[in-house]
Amino acid sequence: MDVFEILAELERREEQIEIKLKKILEANLNPFPGDRIHKAKLLLKLIYEFKKHIQADEFIQAGMKLRDMEIEGLMILPESKL
């Protein structure tokens, strides 16, 4: 999977996270959904930092952010491509 495929997948995931975050805030079924909101904001931050590193040609740091996203449960690369 090349950088452009990863970026495209991250764009898709970013939209999904933003939609889910909006639904959490609007529904407010749980009066304290802080953990879910925090995780969504953390994932959005990691995606933003990954993109910033790619634009600056800092591929090692970008790889570290990709690893951090995977640690947080956001899988970008399909298992068969690893």
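Heavy atoms only: backbone and side chains are in, while hydrogens, waters and symmetry mates are out.
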Nearest heavy-atom approach of A40 to I17 is O-CG2, 3.7 Å

Hits for salt bridge (charged side-chain N to carboxylate O under 4.0 Å, His left out) against R67, two or more places apart or cross-chain, chain-then-number order -> none

By side-chain contact (heavy atoms from CB on, under 4.5 Å), which residues pair with E58, not counting sequence neighbours? H53, A56, Q61

Does a side-chain heavy-atom distance below 4.5 Å link D68 with F50? no

For K65, salt bridge (charged side-chain N to carboxylate O under 4.0 Å, His left out) partners two or more places apart: E49

According to a 4.5 Å side-chain heavy-atom criterion applied to Ile, Leu, Val, Met, Phe, Trp and Tyr, with indirect links allowed, do L44 and M69 form part of one hydrophobic cluster? yes

Residues two or more places apart in sequence or in another chain: which of them pass side-chain hydrogen bond (donor to acceptor under 3.5 Å, both in side chains) with E18? none

In Å, rounded to the nearest 0.5 Å, how long is the span from CG of L66 to CE of M75? 10.0 Å

Work out which heavy atom in L74 is nearest to a heavy atom in I47; give both atom names and the distance. CD2-CD1, 4.0 Å

Tell me, yes or no, whether the heavy-atom count around Y48 atom OH, taken from other residues, nucleotides or ligands under 6.0 Å, exceeds 12. no

Taking everything shown except I60 itself, do over 12 heavy atoms lie less than 6.0 Å from its CD1? no

Among the clusters formed by ILVMFWY side chains lying less than 4.5 Å apart, do L10 and V3 turn up in the same one? yes

Should R12 and E9 be marked as a salt bridge (charged side-chain N to carboxylate O under 4.0 Å, His left out) after you check the CA-CA gap, both sets of side-chain angles, and the distance that decides it? CA-CA 5 Å; R12 190 177 71 76; E9 181 64 20; 2.6 Å; yes

Taking only residues two or more places apart in sequence, or in another chain, which ones meet E72 in a side-chain contact (heavy atoms from CB on, under 4.5 Å)? K39, L42, L43, L46

